[in-house]
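Not measured: the values here are computed from a predicted model. In this chain, residues are counted from 1 in sequence order. Each ligand, and each atom within it, is numbered from 1 in the order the structure gives.
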Amino acid sequence: MQIWAIANQKGGVGKTTSTLCLARGLAESARQVLLVDLDPHASMTRAFNVPRHPVPLGTHELFSADAPSLDALARTTPIDGLRLLAAQPGLATLERRSATQPGLGMALQRALANVTHLYDYALLDCPPTLSLLMVNALAAADRLVVPTQTDPLALHGLADMLHTAEMVETSRRRPLARFVLPTLFDRRTALGQQSLELLHGLYAGRVWPDAVPMDARLRDARAIAANAPLTGAGAEAYRQALAWLLVQPPATSPQSQAA
Ligand SMILES: Nc1ncnc2c1ncn2[C@@H]1O[C@H](COP(=O)(O)OP(=O)(O)OP(=O)(O)O)[C@@H](O)[C@H]1O
Ligand SMILES: [Mg+2]
C-alpha cells in the first residue's frame, strides 16, 4: 500500500477536491483505495453524505487507547474500490489531548500498518493547519502532494508546507517524496500564468507540468463523490495529473536540499 498525504497549510487550495479526484482516478483503474478524512470540518465525509448524527465512527477512534481496527471503521462508498474513514468534529480536540497522551503523532501510521494488505493506496485529506493531524499524515506518508492555487500569495503557503515536510522528513529519518499540483488555474489571467511560471522556476521537476483549470463541474464535492462518470476539463486534468504522479520515482534519499 502506498500512502499519499494531500496537504497544504493554506485553506481552500483544492485539497479535498484533489483527494477525491485522484482517488476516483485510482478506482477507475481497479485499485483499492482508502480515503482518510483528517479534517475536523469533514468536507470529504460530507461529500459522501455521511450523516452528522449520530456522530459517525471513523478517524477519531484511531486516537483512542483501545482503537478498533481501521478496517472495521472504514465505510463503503457508492464508488467501487473506494472506502472512507469519516472525520468527526471531535478531531479538533486532539491537540489538547496530545499534551498529556504521548504517541498520538504516530496513531495513524500504526493503524495504516495493519491494513497494508487490503488497499493499494491510502489518500489522506489533511486539514489546512499545521496540527497534530497534519503531523500524523506526514509521519505516515510515502508521498506528499501539495495542491497549490495558482496565485502569488498561495506560493507562500507552498513554501511553508514544504518546509514543514522537510522537518518531518528529518525527524522520521525516511524520505518523503513531495510533489506540487497547481490547481484552480485561470488561463485568462496574467497573474495565473505568472504564478505557474514562478512555481516551475522554484520547484522544477516536482511540479506537475500542467495545471487543473477552474471548472464549475468540480465545485460540488458531492458530485465528485457520487457514482456518476466524472467529465469535463477539470476531471480530465486530474486524470493526467494522476498518470504523472504514478510514474514519479519514490524518494530514495532526503529531498531537503532540492525543495
Ligand atoms: N478546479 C476547480 N474549479 C472550480 N472550483 C474548484 C476547483 N477545485 C476546487 N474548487 C472549489 O474550491 C473550493 C475549495 O476547494 P477544496 O474544498 O477542495 O479546498 P481545500 O483545500 O480542501 O479547502 P479546506 O482548506 O477548506 O479544506 C471548493 O468550493 C471547491 O469545490
Ligand atoms: Mg478540504
Could you list which atoms of ligand 1 come closer than 4.0 Å to a heavy atom of [X]?
{"X": "Val212", "value": "1 (N)"}
{"X": "Gly11", "value": "25 (O)"}
{"X": "Asp39", "value": "27 (O)"}
{"X": "Thr16", "value": "18 (O), 20 (P), 22 (O)"}
{"X": "Met214", "value": "3 (N)"}

When only distance counts, is [X] in polar contact with ligand 1, meaning an N/O pair under 3.5 Å?
{"X": "Tyr238", "answer": "no"}
{"X": "Asp215", "answer": "yes"}
{"X": "Pro128", "answer": "no"}
{"X": "Arg219", "answer": "yes"}
{"X": "Lys10", "answer": "no"}

Would you say [X]'s side chain and [Y]'s backbone share a donor-acceptor pair under 3.5 angstrom?
{"X": "Arg31", "Y": "Val33", "result": "no"}
{"X": "Thr77", "Y": "Leu82", "result": "yes"}
{"X": "Asn8", "Y": "Lys15", "result": "no"}
{"X": "Gln248", "Y": "Leu245", "result": "no"}
{"X": "Gln88", "Y": "Pro56", "result": "yes"}
{"X": "Thr116", "Y": "Leu112", "result": "no"}
{"X": "Arg97", "Y": "Phe63", "result": "yes"}
{"X": "Arg143", "Y": "Gln2", "result": "no"}

Hey, is Val13 touching ligand 1 through its side chain, its backbone, both or neither, going by heavy atoms under 4.0 Å?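 Within the 4.0 Å criterion, Val13 contacts ligand 1 through backbone and side-chain atoms alike.
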Just wondering, do Thr183 and Thr17 contact through their side chains at under 4.5 Å, heavy atoms?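 Side chain of Thr17 against side chain of Thr183, heavy atoms only: no contact under 4.5 Å found.
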Out of curiosity, does [Y] fall in the hydrophobic cluster containing [X] (side-chain heavy atoms, cut-off under 4.5 Å, transitive links)?
{"X": "Ile6", "Y": "Leu108", "answer": "no"}
{"X": "Trp244", "Y": "Tyr238", "answer": "yes"}
{"X": "Leu130", "Y": "Leu162", "answer": "yes"}

So which protein heavy atom does [atom] come closest to, and at what separation?
{"atom": "atom 30 (C) of ligand 1", "answer": "Thr17 OG1, 3.8 Å"}
{"atom": "atom 24 (P) of ligand 1", "answer": "Gly12 N, 3.6 Å"}
{"atom": "atom 19 (O) of ligand 1", "answer": "Gly14 N, 3.0 Å"}
{"atom": "atom 7 (C) of ligand 1", "answer": "Leu184 CD2, 3.4 Å"}
{"atom": "atom 20 (P) of ligand 1", "answer": "Lys15 N, 3.4 Å"}

Rounded distance [0.5 Å steps], OG1 in Thr76 versus CG in Leu84: 9.5 Å
Can you measure from SG (Cys21) to CG (Leu26) and round to the nearest 0.5 angstrom? 11.5 Å
Between Trp4 and Tyr121, ring centroids under 6.0 Å: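 Between Tyr121 and Trp4, which both carry aromatic rings, the centre distance is below 6.0 Å.
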Applying a strict 4.0 Å limit to heavy atoms, is [X] in contact with ligand 1?
{"X": "Gly234", "result": "no"}
{"X": "Ser43", "result": "no"}
{"X": "Pro213", "result": "yes"}

Mind listing the protein N/O/S atoms less than 2.8 Å away from the Mg ion (ligand 2)? Waters don't count.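 N, O, S partners closer than 2.8 Å: Thr16 OG1.
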Exercise check, heavy-atom protein proximity under 4.0 Å to atom 2 (C) of ligand 1: yes
So, Tyr119 versus Arg83: side-chain donor-acceptor pair below 3.5 Å or not? yes
